[in-house]
Amino acid sequence: MSAISHFQVYVQRENHVTNNTMLMLRHVYRTSPKSLETTLQALMEEDDIEIGPRFEQQVGEAHSIPDAVLSQKPLHVYLEAKHGNALYDDQLERHVRSIGEKKHTENSAFLIGLTVSRVSDEDLERWRMMALEYGVTFVATTYRELLDVLSSVCANSTGLQEVLDDYQSFIGGEGLMPDQHRKLVAMLCGQSWQENIEYGVYFEPANRNPKWTRAHFIGIYHRKSISHIGRIVASAVCRMQREELIVDGEEFGEFTDEHKERIAAAINAATYYQDLAAHPHRYYLVDNYSETEVRKVSSGGMMGHRYFDIAELAGCEQWNQDASSEDVASMIRGATYE
């Protein structure tokens, strides 16, 4: 069985995306109000946003100077989350008109449009001007930009990082990150290196977050180098029972009989993992593993899986999202990373 997620999963409805995004922000706030403040400041490029009370002493008022004051600036952040890029004039105009009628304090009302891809400069300027007529600040951002900000603010909190991993998996599973096709996840590989390559699989315990939600390619990391790369074509949680492959859940792609045969063969070959057959594992199937070499040049090995932007590794600006494993292996061969 897969571990219970902090968020609703496998339901592709816009209101669940909104709900889970707000839950993620609430987790951040409960751990550190300052972290939520940093997140909103980064998303909205507003240094004046403050979360929580201010504690001040000897603040002069009109007729006296009280010893201390505890105050809190008003803040109202509204969110319009799209399962795509469908922000449009009529809906946004109705939103800002409704917000404006609430008579919020000046510079305290914000409307965030959250989309898969960046909005055009022309649309952004038009919506900003329209919102200002009602005393509202309009901000446009993407799920990728939101995740980048959250990754930074959650980096030093193990608990928050675990929640963020779940949220990233949810967002990726909903298809809300348009750059998955250019992402590579490098996976640690020790004893099973040969079997992974021979059968075109990679396996991990089923309770870990699925990697296909964030990356379309898997890299096999072995002896300080990503030695092979393959495009993920399917993913499923499986186990063996009385020499029969049991599929507990198909997660991604078209899972075929040929895939089942490859998984069973890999399990039977990996006899050094005593619990592999009986316990549920997630198996990633790739088209094929193509040989490459991307070396880690800093001291020590990788401590866990790691995501890379393939175009950045290859040092190129243009990217073909239908590139084959062979193409990608050739592009990144000779690259290095810290």
Side-chain angles (χ1 to χ4, degrees), residues 116-118 142-144 147-148 168-169 171-190 192-204 209-236 250-256 258-263 265-266 282-298 301-302 304-338:
V116 172
S117 301
R118 292 184 65 87
T142 66
Y143 293 97
R144 166 56 65 195
L147 287 170
D148 286 345
Q168 288 178 320
S169 294
I171 292 298
E174 291 287 294
L176 299 176
M177 291 190 291
D179 58 353
Q180 289 163 289
H181 61 275
R182 56 185 280 169
K183 295 296 182 180
L184 158 70
V185 56
M187 306 293 289
L188 304 180
C189 195
S192 60
W193 180 74
Q194 188 61 51
E195 285 74 26
N196 288 153
I197 295 169
E198 181 177 353
Y199 298 108
V201 302
Y202 185 86
F203 51 86
E204 64 177 353
N209 283 310
K211 309 305 184 291
W212 57 264
T213 62
R214 296 181 58 191
H216 283 180
F217 290 89
I218 276 187
I220 298 297
Y221 174 87
H222 184 66
R223 295 179 179 174
K224 293 205 69 175
S225 175
I226 299 173
S227 64
H228 292 76
I229 186 171
R231 179 186 284 275
I232 302 172
V233 295
S235 173
E250 298 181 22
E251 296 184 330
F252 173 76
E254 184 179 349
F255 194 62
T256 67
E258 189 265 343
H259 292 153
K260 296 176 184 178
E261 292 171 3
R262 284 161 57 185
I263 291 172
R282 175 175 294 103
Y283 292 85
Y284 301 94
L285 287 303
V286 300
D287 52 357
N288 63 275
Y289 279 123
S290 297
E291 191 171 356
T292 190
E293 184 180 22
V294 180
R295 296 201 62 80
K296 184 177 185 293
V297 293
S298 54
M302 283 202 327
H305 69 276
R306 185 166 168 182
Y307 293 94
F308 296 91
D309 185 290
I310 295 171
E312 290 181 3
L313 271 181
C316 66
E317 295 183 3
Q318 300 299 320
W319 170 256
N320 174 16
Q321 69 178 46
D322 297 318
S324 66
S325 298
E326 292 85 355
D327 292 336
V328 174
S330 177
M331 288 170 57
I332 64 176
R333 187 175 292 117
T336 62
Y337 66 97
E338 296 293 328

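We use all heavy atoms of the structure for the numbers below, so side chains are in, but hydrogens, waters and symmetry mates are not.
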Exercise. Would you check, one step at a time, whether the test side-chain contact (heavy atoms from CB on, under 4.5 Å) holds for L147 with M177?
Key: CA-CA 10 Å; L147 287 170; M177 291 190 291; 3.2 Å; yes
Quiz item: Considering all heavy atoms of both residues, which atom of Y289 and which atom of I218 are nearest to each other, and what is their separation?
Solution: OH-CG2, 3.8 Å
Practice problem: Quick one: sort the W193 and H228 rings into parallel, tilted or perpendicular, breaks at 30° and 60°. | Solution: perpendicular
Quiz item: Does any N or O in the side chain of K224 come within less than 3.5 Å of the main-chain N or O of H222, such that one atom is a donor and the other an acceptor?
Solution: no
Practice problem: Compare every heavy atom of E195 with every heavy atom of V201, then report the nearest pair and how far apart it is. | Solution: CG2-O, 4.5 Å
Practice problem: For the pair Y337 and F308, name the ring-plane relationship: parallel under 30°, tilted 30 to 60°, perpendicular over 60°. | Solution: perpendicular
Quiz item: Looking only at heavy atoms, which two atoms of G172 and Q180 are closest? And how far apart?
Solution: O-NE2, 3.2 Å
Quiz item: When you look at CZ of R118, are more than 12 heavy atoms from neighbouring residues, nucleotides or ligands closer to it than 6.0 Å?
Solution: no
Exercise. Decide side-chain contact (heavy atoms from CB on, under 4.5 Å) for E204 and H305; before the verdict, give the C-alpha distance in whole Å, the side-chain angles of both, and the deciding distance to 0.1 Å.
Key: CA-CA 11 Å; E204 64 177 353; H305 69 276; 5.9 Å; no
Quiz item: Is R231 reaching over with its side chain to a backbone N or O of A323, donor-acceptor style, under 3.5 angstrom?
Solution: yes
Quiz item: What heavy-atom pair brings T213 and P210 nearest, and what distance separates the two atoms?
Solution: OG1-O, 3.0 Å
Self-check item: Value rounded to 0.5 Å, distance of CG in L188 from OH in Y202
Solution: 6.0 Å
Quiz item: Donor-acceptor pair, R214 side chain versus I171 backbone, under 3.5 Å?
Solution: no
Quiz item: Do you know which two heavy atoms are closest between C189 and I220, and how far apart they sit?
Solution: CB-CG2, 3.7 Å
Self-check item: Nearest-0.5 Å distance that lies between atom CG in L176 and atom CD in Q168
Solution: 13.0 Å
Practice problem: Measure the shortest side-chain to side-chain distance between D309 and K183 over non-hydrogen atoms and say whether it is less than 4.5 angstrom. | Solution: yes
Self-check item: Distance-only side-chain donor-acceptor flag, S324 / D327, under 3.5 Å
Solution: yes
Quiz item: If you measure from CD1 on I229 to CD on E293, what distance do you get to the nearest 0.5 Å?
Solution: 14.0 Å
Quiz item: How long is the gap from CG on D322 to NE2 on H216, to the nearest 0.5 Å?
Solution: 11.0 Å
Quiz item: When you measure from the centre of the six-membered ring of Y221, is the NZ or CZ of R306 under 6.0 Å away and within 45° of the axis?
Solution: no
Quiz prompt | Any donor-acceptor pair under 3.5 Å from E254 side chain to A234 backbone | solution = no
Quiz item: Got a sec: does the CZ of R295 have more than 12 other heavy atoms crowding it under 6.0 Å?
Solution: yes
Quiz item: At what distance, to the nearest 0.5 angstrom, does OG of S325 lie from CD1 of I232?
Solution: 10.0 Å
Quiz item: Any donor and acceptor pair, going by atom type alone, linking the side chain of R262 with main-chain N or O of Y199 inside 3.5 Å?
Solution: yes
Quiz item: Quick one: CD1 on I226 to OG1 on T336, what's the gap to the nearest 0.5 Å?
Solution: 11.0 Å
Practice problem: Measure across F203 and S192 and return the closest heavy-atom pair with its distance rounded to 0.1 Å. | Solution: CZ-CB, 3.8 Å
Quiz item: Where does the angle between the aromatic ring planes of F255 and H259 fall among parallel (under 30°), tilted (30 to 60°) and perpendicular (over 60°)?
Solution: tilted
